[in-house]
Every structure is written in structure tokens, then in C-alpha cells.
Amino acid sequence: MNIALVEDNLLEADILLKFLKRYASDKEIKIDITHYKNAEDFLKSYKHSYYSIVFMDIDLPGIGGIDAARSIRRKDDCITIIFVTKMAQYAQKGYEVNALDFLVKPVSYADFSLKLRKAINVAKSKEVHSVLVPVGNGFCRISTDKLVYIEVMGHKIKYQLVDEEIEARGTLSEVEKKLEGCGFLRCNSCYLVNSRYVNKVTGNEVDVGGHLLKISHPKRRAFIESLMNILTGGDYIK
């Protein structure tokens, strides 16, 4: 997982870098960290989908953190943003750019580790994977970022993509195993929906990319809880 840190204060940057390395060691995960001293350098070198998470100081010289985040959002909806600030009230502007959370300086490791855990969970749910499905006499590779939902129809599976439908052989249970950990959830026995395309839940219906699908009563509670945990990075409280 690639993580960017945009912080002009070298002492504060050093603290956050040590926290990142400590977390990676404690959790036995591999992360690559790149430190930028200003937003200009970060934006110039920015590559779409390269960074999963960015820790962004709000009070930066030149281009501020909020303006830099706005620039990023025009290119990338997936990157997870966490603001770092001395004044919590400024962090409220983060909602304008869909920031996940914020850290108030001086940052403690306990607070940092909680926010990073949440960010990693959210970033993982946004990762793009692909699945091979049997079609005709061959196979078709489907990218999960284009896959809205999957529906079982008798002995066939329909893959509803953003711009087309694909029918294939197989069972919903087999597809569910292939997509485990990719943010797909069952709302009833017929559908497996991509959480990133969920627009709203109303009663026993879920809007998934503009498609209204039924939520079965037995699965509703587990579906809502799983969905909220994905959207909040595991911080959903019943």
C-alpha cells in the first residue's frame, strides 16, 4: 500500500513517519511512504490510483491542504484523505472534499493508529480487482470497479456492469468466494452488490448505481451492518 505524507514541518513529519513505520511493524503489513514538503511537489508527481492514502497538512505554504485536496478530487475519487491540523475547526472543510477524517496536532499514536486502521479498511474496499468468468467457449475478465451487482438467474449469472450486461455460467456462491474482501455484499439470495455503488437504502430496497434491488428481511440487518462497516472503515456502532 502506497501512502503519501504532505507536511512542511520536518519535526512533525518525522513523528508521523515514525508512527507509520511503527504501525506497519506492529500489524506486519508492507507500506511504502513518500514524504512531500509542499502540495506543489505532491500535485506535480501525482499519479491516479497510485496512492491509497494521503495524510495532508491543512496549513501548507503556497497551495493549502484543502485546495490541494480539491485538485486531487478532480482527478481521483478513490484516494483516502486524512487531514492533519492544529485547529480542529479547519478540518470541517474536509467534508467538502470527502476527506475520511482528521488528526489534531500534536498527534498521539493511539489516535493515529485508529485513524490509519480506518483508512486502510476503506482503501482496501476501494481497491480494483478483476475476476475471470466463463463465457461461451472462453473467459471474460471483469474489473470490479465497473461491476455494479451480480444476479443469479436459474443456472446463469448476470454481471451488471456500468455500461453492459454479461451472462455467464456458475453459481452466486462461487462468485461470492472470488470477490471475498472486495466490498461485495448479499442483500438477498439473488443479488450480490458492490458497496461502492450503493447510493441509498430505503426500507427494503437498495439503490445500487441507479438500480433498485430488494433487500430480504432475513438478510437486512447483516447487510446494513456490513455496508456501514465498509463505509466507515470498521467504526460502525450498532
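Nothing fancy with the numbering, it's 1 onward along the sequence.
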Practice item. Check step by step if side chain to side chain donor-acceptor pair (under 3.5 Å) holds for Y46 and D76. Key: CA-CA 10 Å; Y46 189 79; D76 192 340; 2.6 Å; yes
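Counting only heavy atoms from C-beta outward, the side chains of Y23 and I29 approach each other to under 4.5 Å. Between R169 and K156, every side-chain heavy-atom pair lies at or beyond the 4.5 Å cut-off. Residues V152 and T171 fail the side-chain proximity criterion, which asks for heavy atoms closer than 4.5 Å. Counting only heavy atoms from C-beta outward, the side chains of L132 and K178 never approach each other to under 4.5 Å.
Counted within 6.0 Å of CD on E164, heavy atoms from surrounding residues, nucleotides or ligands total more than 12; the atom is thus considered enclosed. The 12-atom threshold is not exceeded at CG of D59, counting heavy atoms of other residues, nucleotides or ligands nearer than 6.0 Å. Environment of CG in N137: sparse, with no more than 12 heavy atoms of neighbouring residues, nucleotides or ligands closer than 6.0 Å.
Minimum interatomic distance between F42 and V54 (heavy atoms only, all atoms of both residues): CZ-CG2, 3.9 Å.
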Distance-only check: which donor-acceptor pairs under 3.5 Å involve side-chain atoms of residues 201-215, not counting sequence neighbours?
| from | atom 1 | to | atom 2 | distance (Å) |
| --- | --- | --- | --- | --- |
| E205 | OE2 | K214 | NZ | 3.4 |
| D207 | OD1 | N199 | ND2 | 3.0 |
| D207 | OD1 | G210 | N | 2.8 |

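Note that R186 lies outside the cation-pi zone of F223, set by a 6.0 Å cut-off to the ring centre and a 45° limit from the axis.
A centroid separation of less than 6.0 Å is found between the aromatic rings of F55 and F112.
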